[in-house]
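Labels below follow one simple rule: chain letters A, B, ... track the order of the sequence lines, proteins then strands, and each chain is numbered from 1.
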Protein chains: 2
Amino acid sequence: MRQTEFVANLPIVSSGSMSAMCCAPLVREPLSAAAATELARRVKAIADPTRLRLLSLIAASDSAVCMCDLIAPVGLSQPTVSHHLKILVEGGLLDRDKRGVWAYYSLVPGALDSLSAVLSTQSAAADFSNR
Amino acid sequence: MRQTEFVANLPIVSSGSMSAMCCAPLVREPLSAAAATELARRVKAIADPTRLRLLSLIAASDSAVCMCDLIAPVGLSQPTVSHHLKILVEGGLLDRDKRGVWAYYSLVPGALDSLSAVLSTQSAAADFSNR
DNA sequence: ACGGGATATCGACAGATGTCAATACGTGCG
DNA sequence: CGCACGTATTGACATCTGTCGATATCCCGT
């Protein structure tokens with residue numbers, strides 16, 4: 001079990017160098033254990049077919065979507081849909097707006113783009129270059 | 001358990017409208033069940049702190065990285081690291097290049113950006129606007 | 001050919017996850 | 001008030017997942 005000399009200048013725990021809002025792009029520098037755990041928490045929130053469908057149903061709509069309209073499209077029980085929506089809210093991807101008895105869900109502005117930016121290997125500046 | 005009229009014009013199973021390479025951006029239209037399952041499979045590949053660290057270690061390097069150099073940074077056993085790398089390879093994110101006894105891993109060009117593009121709510125054209 | 005070392009696979013196991021039925025909670029209407 | 005209904009929570013359960021030690025596989029130098 002040897003290592004190449006490359007390992008000598010590898011930061012085992014590169015702490016305190018990521019941006020405050022979340023973390024630097026993956027290609028910039030190796031993630032610290034803490035940063036990786038935090039990023040994984042957010043990625044796990046969208047790592048499920050049902051949650052991706054819920055997200056796209058809401059994202060494709062131009063206004064907040066009532067939960068009652070999300071149950072039939074995904075074809076699962078109401079508690080299960082509620083469970084997935086909760087995970088998306090806790091993951092910072094959705095906003096819940098309870099109007100009386102009804103619960104309306106909408107995208108948190110910038111949440112998906114923030115995840116997208118971390119994954120991108122392109123310069124992050126391109127995201128806002130045109131509009 | 002009622003539904004608003006909004007549900008009337010919701011595509012329950014919008015099939016056959018996604019691009020061949022993978023799938024349209026989440027904001028474009030609701031994902032079909034099949035497309036969501038396929039996307040989730042790729043997202044799950046990066047939905048783990050260890051795999052994110054491995055990915056960033058490799059992405060931050062400008063050349064392929066020997067597996068022997070990946071064990072110490074993540075602090076896990078060799079079989080576990082091998083397991084995670086296999087998932088990343090099967091997820092289409094890493095390339096494995098076995099040179100004799102050593103295994104070298106490198107990013108699959110465009111794999112991360114493809115994931116990033118699906119998540120982005122911005123126009124995908126921005127990704128290539130400047131280089 | 002032999003042996004050592006790098007990597008992959010296997011088996012086992014604890015803990016996380018997705019799902020549902022049952023139930024609790026809360027709001028608005030009659 | 002009391003009931004109906006939309007939503008959230010709970011409990012249970014099967015499955016998936018991450019981890020390790022042990023072992024198999026494969027290459028290379030001696």
Side-chain angles (χ1 to χ4, degrees), chain A residues 1-7 33 36-37 39-55 57-58 64-91 94-106, chain B residues 1-7 33 36-37 39-55 57-58 64-91 94-106:
Chain A
M1 184 79 63
R2 260 214 328 285
Q3 297 172 333
T4 72
E5 326 78 37
F6 167 69
V7 80
T37 300
L39 218 204
R41 198 183 60 81
R42 298 201 299 152
V43 174
K44 274 180 201 287
I46 63 169
D48 177 271
T50 300
R51 291 198 288 275
L52 284 172
R53 296 191 76 191
L54 290 171
L55 217 44
L57 281 165
I58 294 167
V65 180
C66 175
M67 154 144 183
C68 58
D69 289 331
L70 294 170
I71 298 175
V74 300
L76 294 176
S77 73
Q78 176 270 325
T80 299
V81 174
S82 180
H83 168 69
H84 285 302
L85 288 171
K86 181 179 185 175
I87 290 177
L88 287 170
V89 168
E90 288 173 346
L94 289 185
D95 263 339
R96 166 184 282 133
D97 177 24
K98 193 126 189 201
R99 306 178 195 165
V101 177
W102 287 271
Y104 284 80
Y105 291 87
S106 56
Chain B
M1 182 78 64
R2 259 215 328 284
Q3 297 172 336
T4 71
E5 326 77 36
F6 167 69
V7 79
T37 299
L39 218 204
R41 198 184 61 82
R42 300 199 298 152
V43 174
K44 274 179 199 287
I46 63 169
D48 176 272
T50 300
R51 292 198 287 275
L52 284 171
R53 297 191 76 190
L54 290 171
L55 216 44
L57 280 164
I58 294 168
V65 180
C66 176
M67 153 142 184
C68 59
D69 289 332
L70 293 170
I71 298 174
V74 301
L76 295 175
S77 73
Q78 176 269 325
T80 300
V81 174
S82 180
H83 167 70
H84 285 302
L85 288 171
K86 180 179 187 175
I87 290 177
L88 287 170
V89 169
E90 288 173 346
L94 289 184
D95 263 338
R96 165 184 283 131
D97 177 25
K98 194 124 188 202
R99 306 177 195 167
V101 177
W102 287 271
Y104 284 80
Y105 291 86
S106 56

Closest listed nucleotide, where the reference is the side chain of B:K86 and the choices are C:dT19, D:dT7, C:dT9: C:dT9
Atom pair distance, as rounded to whole Å: CD in B:Q78 and C1' in D:dC20: 11 Å
Closest-nucleotide ordering on DNA chain C, the 5'-leading residue of A:G100 and A:R51: A:R51
Proximal nucleotide (of D:dC20, D:dA8, C:dT7) relative to the B:S77 side chain: D:dC20
Phosphate OP1/OP2 of D:dT7 contacted by A:Y105 side-chain N/O (<4.0 Å): no
Rounded distance in Å - CD1 (B:I71) to C1' (D:dG18): 16 Å
Nearest-angstrom distance from the residue atom NZ of A:K44 to C1' of C:dG15: 12 Å
Atom pair distance, as rounded to whole Å: NE2 in B:H83 and C1' in D:dA24: 18 Å
Separation of D:dT7 P from A:L54 CG (nearest whole Å): 13 Å
Side-chain donor/acceptor of A:T37 to backbone N/O of A:A33, under 3.5 Å: yes
Where A:V74 and A:L54 come nearest, the two heavy atoms and their spacing: CG1-CD2, 3.8 Å
Nearest non-hydrogen partners of B:R51 and B:K44, listed with the distance: NH2-O, 3.1 Å
Atom pair distance, as rounded to whole Å: OH in A:Y104 and P in C:dT27: 16 Å
Which atom of B:L76 lies closest to which atom of B:I71, heavy atoms considered: O-CG2, 3.5 Å
Residue met sooner reading DNA chain D from 5', once B:I87 and B:P79 are mapped to nucleotides: B:I87
Proximal nucleotide (of D:dT17, D:dA8, C:dT7) relative to the A:A103 side chain: D:dA8
Under 4.0 angstrom between A:R96 side-chain N/O and D:dT7 OP1 or OP2: no
Ring-face cation of B:R99 near B:Y104 (centre distance under 6.0 Å, axis angle within 45°): yes
Sugar-phosphate, base or nothing in reach of B:H84, heavy atoms under 4.0 Å: sugar-phosphate
OP1 or OP2 of C:dC20 under 4.0 Å from side-chain N/O of A:T80: yes
Separation of C:dT19 P from A:L85 CG (nearest whole Å): 12 Å
For atom CG of A:D48 and atom C1' of D:dT17, their distance in whole Å: 14 Å
Nearest listed nucleotide, side chain of B:W102, among C:dT19, C:dT7, D:dA8: C:dT7
Toward the 5' end of DNA chain C, by each residue's nearest nucleotide, B:M67 or A:V101: B:M67
